Structure formats: structure tokens, C-alpha cells
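What follows is a set of notes on a single structure, which appears directly below.
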Amino acid sequence: MKKNIDWSNLGFGYIQTDYRYVSNFKNGAWDEGQLTTDANVVISECAGVLQYAQTCFEGLKAYETDDGHIVCFRPDLNAERMVSSAERLEMPVFSKERFIDAVHQVVAANADFVPPYGTGATLYIRPYMFGSSAVIGVKPAEEYQFRIFCTPVGPYFKGGVKPLTIRVSDFDRAAPHGTGHIKAGLNYAMSLHAIVDAHHQGFDENMYLDPGTRTKVEETGGANFIFVTKDNTVVTPKSGSILPSITRRSLIYVAEHYLGLKVEEREVEFSEVKDFAECGLCGTAAVISPVGKIVDHGNEICLPAGMEKMGPVTQKLYDTLTGIQMGRIEAPEGWIHVIK
Ligand code: PLP
Ligand code: COI
């Protein structure tokens, strides 16, 4: 039976569920892994994650579909991205097959926490890995833990799909040749001061520009950008220091193959932004959150789509993507993994 949760009023927060998955890496190998009811982690005071932030994570969602199944969306791509993150952070790889199997186990075990179809909520799944053994010299840990928990969530931004106001950040998120392209916890630690400051100043998020020249659009703290030109071309920034968003890659496919739109993945100059018709933030948590206004040091760019609702192309992308995720629209082969 579903848990007694006010599904329609959930925010993006943590609710402890019944089961999580744990596997430990020791003496050069991962153990067989298991589900546990213990939500606490006990590690050395000198653990690699605590001293030198040796940790990476993933984020994906499970959905209840209109015909009552529980599915998750493209976990294979999260598994692959976690391999890249682990390799870049000198952590052991947790195999793609085991990652997908562990996601299935956690979601199936917590099926009562998967928000019912139509409530607008979803089950957010958080796989993560960290150095658990002691390191005091700057070097990788020898032991690691891989875990997955899940939590029912509502919209990432308060107000759901109301257009956001964002600002151009004076702080950088990721350096060229740094770690911006992987999902390292350290990238998010870097962004905390910037987001707290943005909120204090009344903005919903930060637009980060490329740190090298500060002329090109990169991404926000937790989502990639999608722009729409006045002649309905979808434009999305290409950069070696942004996270390769699975939502963005899926939206590009949806735009081209479902909606027949032209898509350009290329460098986007900040000076072009004033000419776009629509702007949205895309990610697992953000889904597609429309942006109505972008403020650059007092200079306001008001997108023609406005502050009341998302623009027409953004809306079509949103409806098609969420339709695929919730079983209303046929998915491309392999996108939907049926769990139950
Ligand atoms: N960019 C950043 C910095 C993120 O944290 C995320 C969230 O995972 C994304 C983009 C969107 O990626 P995805 O669509 O794979 O969730
Ligand atoms: C996600 O969308 O999964 C993320 O990890 C982004 C984070 C801001 C919650």
C-alpha cells in the first residue's frame, strides 16, 4: 500500500524511505551488495570523502505510469556517467550492469514511496560513491562505499513551472580542464556560496559563464540550458566543462524526432541571449524549468515568453518528455526500464 504522504504538496526535499542499497569496495573488489534499512553511514574520521571530498553522485527518477507500472528513465546513462566520474576522481568503477540492477532493487523495495500517477511528484533516486577509508596525505582512499537511496520529491523550484529569474554569477563553477563535466560533489560545494548569495539577492539560480573568457553561457548550479530562437530552433550550449545532462540529450532527440525541430548544440555567446525567444533549465530535478528573466549586473534580459507561463516550444518539449517518462507517449527503444 502507498505510504500516507501528501504527494501533491511535496517539495524537493529528503524523506527517509524504508530501504537503500550498499556495496563496499575493499581489497580491490566490490562485495556483492545488499539492501539495508539502516540509513546511517559510519566511516573513519579521516575518510577520503571527509578530508578531500572524494565523492561523486548521480540523480535519476522513477515514475508511476498511467497504466500503473513503475518505471525509471535511462538509468544506463547515469551508470555510464558515474563511470566517468569515478575514473576522473580515481575511484573504483561500479559496473553499469550492477548500477542498473541496484537501481531496480532500491525502487522495487520502496515501491510504496513511488508517488501515484498524476500527483506531479516522482521518486528521486540518488546513487553515490565515496572514499571511506582513512587518507591524510593527498591521495585516493583504498576503500569505498557505493550507495543508493531514494526519496519522493515534488518540483525542484518553488512555484513549480512558474518562470524563474536568474542572474549571471560572478563566481565560477568549473574551470576549463577541471571537473565540470563529471558529477563530483566538489562542483556543488563550489556553488553553495553563489546560490545562497543569489537567493539573498532575490534570484532563483545562477547562470555561470565560461571562466576563461566570461563570454559564453555554460550552465546553472544544477541544470543545463535550453534556448529557443525566434524561428523555433532549439539551441543548447556545448562546452567541455558542463555536465552532459541526460535530460538535455533526451530533449535534443525529442526536439528532432518527435517535434521536427532544428537543434543546434554549439557555443552560445552571452551576447546572443537577448535575441532568444525562450529559455529553460533542464535536468532530472529541474525537468524543464522556464526562465523568464536573466539579470546581468543590473542589466535585465526579459525573454519574450514572459513571467507567467513557459513558452510554446518549451511547453511542447516538456509535455513530450514527461509524456514519455510517464507512459503516455511511446518512448524510443531502451529509454524506459520497467521495474514493476
Ligand atoms: N548540470 C548540473 C550541474 C547538474 O547537477 C545536473 C543534474 O544532474 C544537470 C546539469 C542535469 O543533468 P541530468 O539531466 O542528467 O539530470
Ligand atoms: C539532478 O537533477 O539530479 C541533480 O543532481 C541536480 C541537483 C541540483 C539536485
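It should be emphasised that the depicted structure is a prediction, and the values quoted were computed from it without experimental measurement. Counting starts at 1 for both ligands and their atoms, following the listed order. Residue numbers count from 1 along this sequence.
If you look at F149 and Y128, their ring centroids are closer than 6.0 Å. Ring to ring, F99 and F94 are not that close: their centroids are 6.0 angstrom or more apart. Between F227 and F225, the ring centre distance stays below 6.0 Å.
With salt bridges taken as basic N to acidic carboxylate O contacts below 4.0 Å, none links K183 and E58. Between R266 and E272, at least one side-chain nitrogen of the basic residue sits less than 4.0 Å from a carboxylate oxygen of the acidic one, meeting the salt-bridge criterion. With salt bridges taken as basic N to acidic carboxylate O contacts below 4.0 Å, none links E256 and K262. Ion pair K274/D296 not flagged as a salt bridge, since none of the NZ, NE, NH1 or NH2 atoms sits closer than 4.0 Å to an Asp/Glu carboxylate oxygen. Salt bridge absent: K158 and D204 never bring a charged side-chain N and a carboxylate O closer than 4.0 Å.
Heavy atoms of Y188 stay at 4.0 angstrom or farther from ligand 2.
Counting heavy atoms closer than 4.0 Å to ligand 2, residue E205 contributes nothing at all.
In terms of protein heavy-atom proximity, atom 5 (O) of ligand 2 is closest to K183 NZ, 2.7 Å. Protein heavy atom closest to atom 2 (O) of ligand 2, with residue, atom name and distance, is A285 N, 2.8 Å. Of all protein heavy atoms, the one lying nearest to atom 6 (C) of ligand 2 is G222 O, 3.7 Å. Looking from atom 3 (O) of ligand 2 to the surrounding protein, the closest heavy atom is Y124 OH, 2.6 Å.
Annotation: A286 places no N or O atom under 3.5 Å from an N or O atom of ligand 2; distance criterion only. Ligand 2 has no nitrogen or oxygen under 3.5 angstrom from a nitrogen or oxygen of Y156.
Using modelled atom types and a 3.5 Å distance limit, the side chains of Y63 and Q325 yield a donor-acceptor pair.
Listed as neighbours of ligand 1 are R81, R173, K183, Y188, E219, T220, G221, G222, A223, N224, L243, S245, I246, T247, C282, G283, T284, each bearing a heavy atom under 4.0 Å from the ligand.
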